[in-house]
Protein chains: 2
Amino acid sequence: MKQTLRVHNAAIHYFDMVRRCGSIREAARRLNVASSAVSRQIIKLEDEIQAPLFERLPSGLKLTTAGEIFARHVMVVMQDTERTRSELGALRGLRSGHVRLAIVEGLISDLMPTVIERMRERYPNISTDIAILGSQQIPEALAKGQADLGVAFSLKRHADLRQLAIAHFELGAIMRPDHPLARHAELNLITCSQYPMILPTPELSLYQLVAPLFSGQERPTNGVARVSSVELAKQMAKRGVGIAFQTRIGILEELEKETLAFVPVRLGGPIYSDLGVYARNGRFLPVAADAYARALNEEIVARGQGDRRQW
Amino acid sequence: MKQTLRVHNAAIHYFDMVRRCGSIREAARRLNVASSAVSRQIIKLEDEIQAPLFERLPSGLKLTTAGEIFARHVMVVMQDTERTRSELGALRGLRSGHVRLAIVEGLISDLMPTVIERMRERYPNISTDIAILGSQQIPEALAKGQADLGVAFSLKRHADLRQLAIAHFELGAIMRPDHPLARHAELNLITCSQYPMILPTPELSLYQLVAPLFSGQERPTNGVARVSSVELAKQMAKRGVGIAFQTRIGILEELEKETLAFVPVRLGGPIYSDLGVYARNGRFLPVAADAYARALNEEIVARGQGDRRQW
DNA sequence: ACGCCGTGATGCCAATTCAGCATCATCGTG
DNA sequence: CACGATGATGCTGAATTGGCATCACGGCGT
């Protein structure tokens, strides 16, 4: 299965495994080779580079600065090897591969199921790992090569990230349809704060959007709860605990069934949150990841307000 | 000198040389190895990939589709190897390297000399190749890995290109200061066409800007010459052959010495040409190339009207 | 304080890989 | 038709690599 297209020296695979294990012997075990072989290859690499790659500490091996530079090279090579393999595979007609996604929680109820379903129809042989991470961890996971694609709200621009798709979503208040505010066309802060509210914690990107609404007061009077999960906030709103703040994208099903109502919150003008698909900059995507990116783009743009696609 | 940081299999270097030579024996000669060694490594690669990389034609070796895919991988690996080596070198404090630039002709009189001078002050150990190419060939040279950085006007967006810097330059008419039009604050087409004009040929990116001015008439009445060199057009204008069309950036010296005058040409509003610095997308730049990109950015932005930097 | 265990490095030997030489079949060219 | 050049291949010696046993070292628990 893991026919790694062994076009490259074993040394760089050894190096990568040692880096991940922090131990030569452990790496050797996982690679099914003798530890002496691994040790020698590392020494040989250090000889080529003319600088130590690891600090040998009693507690384990830790990358030196040179090691970190080289590790990035290894990541580039291995990721591009994967891309090449997938392209060569596509050439033979077997559209398969493996994609690792890192997404935020707000997409698990509607967007991701749809995308996965569509991908399974089109490319039954593509397998997927999905990690639910906070907004902050997603760029990190991409940079470390732990994920191929990331989907998150309002990521700030970063040189290591490449934006593959983006769409805007308007922030609004969500509540039960029988809530007194549910019939308004739009809402402002003062009106909202006269009713119990479910507010986001700072870990959520939503916080950045909602916080300004309550600038000044540190703890809004009517904040009945501060939760770090948009799903939880949604469930609470459905049970009538109060009104929560989200974009439409997490509650499309509830809107259709009319178990929740959505009312835009305006502060001067509408408040937008940008949902984007990201990859690490500086790599070509394997065909499988590229297919996912396209599918994500389609669905996001279809749900967004004011779309844009930059490829 | 060419200690290629031999972290990688000889096979990929052999492959790359064979690809460039179109011949195994010729590649072997340049690599100072026996042809059998090269032949076998290629066969071994094809064995790993389970597809032929070259078509063996009597006239030479030509890449198959799989070969092209693999060639791209090899380019990525080799370029990233170069980056890694330069970063490791920078770690040791010897800020050296080699950068290959592909620029358009219009920059040879002012911008490039300044940039090169500045680079030689800052990094005396960086060597440079400069190729003067047409606007169309520059993206191509970057894609093929024949150049590290490209500087050109008005490149259309392309997925394989990454824009490192950009600045706008207004199109204008250039002429001797004693020309009747030299004292105008701005000009339009009709006024210009009453005097002899030196026009660009379609190879120049300028053509795209100037052509609309003369839409309708295929051959402007007063076009005394069509030249494919902005330098030549400038020299002709200096000698009073007629008025030419350029941006300021090529004639800064003449403007200072008042041997040429520049008058904006407007068509409704000002007409801008974008001068950009580009690299192949999907690669980290070596530190030497990165330093060049920064220096180019500085100088371009300093000369431009309405700057922007996206990194 | 003293074994005990696990670590990375190293000497030695076998297995594998690789390069060079000579040679062959093939094809274009004069 | 002969000549020269090409890519592939059998063979041999050299170089690289991996496995085993062993050493020196340091943390940890008794």
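Lettering follows sequence order; numbering is per chain, from 1. Because only heavy atoms are used, hydrogens play no part in the values below, and waters and symmetry mates are left out as well, while side chains stay in.
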Got a sec, which residues hit side chain to side chain contact (heavy atoms under 4.5 Å, CB included) with A:S154, two or more places apart in sequence or on another chain? A:S273
Can you give me the first and the last nucleotide of DNA chain C (5' to 3') that has an atom within less than 4.0 angstrom of a non-hydrogen atom in chain A? C:dT7 to C:dC12
Want to settle it: does A:R29 or B:R40 sit nearer the 5' end of DNA chain C, counting the closest nucleotide to each? A:R29
Closest to the 5' end of DNA chain D, once A:K44 and B:L61 are matched to their nearest nucleotides, is B:L61
Just to be sure I understand the rule, does A:F54 reach a base, reach only the sugar-phosphate, or reach nothing, if contact means heavy atoms closer than 4.0 Å? nothing
Remember a base hit wins even if backbone is also touched, and classify A:I42 as base, sugar-phosphate or nothing at under 4.0 Å, heavy atoms. nothing
Output one letter per nucleotide in nucleotides 22-30 of chain D: B when a protein non-hydrogen atom lies under 4.0 Å from the base, S when only the sugar-phosphate is that close, - when neither is. ----SS---
Taking only heavy atoms on the protein side, list every residue of residues 32-39 of chain A lying under 4.0 Å from any atom of DNA chain C, sorted numerically. A:S36, A:S39
Taking salt bridge (charged side-chain N to carboxylate O under 4.0 Å, His left out) as the definition, give me every residue that meets it alongside B:E26, ordered by chain and number, with sequence neighbours left out. B:R29, B:R30
Side-chain heavy atoms of B:V277 within contact of B:N297, under 4.5 Å: no
With sequence neighbours excluded, residues passing salt bridge (charged side-chain N to carboxylate O under 4.0 Å, His left out) with A:R280: none
Euclidean distance, atom NE2 of residue A:H13 to atom P of D:dG18 [Å, nearest integer]: 13 Å
Rounded to the Å, how far apart are B:Y14 OH and D:dA8 P? 15 Å
According to side chain to side chain contact (heavy atoms under 4.5 Å, CB included), who are the partners of A:A143, at least two apart in sequence or on a separate chain? none
Using salt bridge (charged side-chain N to carboxylate O under 4.0 Å, His left out) as the criterion, list what pairs up with B:R25, not counting sequence neighbours. none
Name all pairs fulfilling the salt bridge (Lys or Arg N to Asp or Glu O under 4.0 Å) condition that reach into residues 132-145 of chain B, sequence neighbours left out, sorted by first residue then second. B:E140-B:K144
Whole angstroms only, please: what is the CG-P distance between A:D47 and D:dT16? 12 Å
Could you check A:D16 against A:R19 for salt bridge (Lys or Arg N to Asp or Glu O under 4.0 Å), going step by step and ending with a plain yes or no? CA-CA 5 Å; A:D16 191 60; A:R19 176 187 65 78; 3.0 Å; yes
State which residues pass side chain to side chain contact (heavy atoms under 4.5 Å, CB included) with A:A11; sequence neighbours excluded, sorted by chain then number. A:N9, A:Q41, A:L45
Taking only residues at least two apart or on different chains, which pairs with a member in residues 71-80 of chain B satisfy salt bridge (Lys or Arg N to Asp or Glu O under 4.0 Å)? A:E87-B:R72, B:D80-B:R83
Under the side chain to side chain contact (heavy atoms under 4.5 Å, CB included) test, residues paired with A:A90 that sit two or more places apart: A:V287
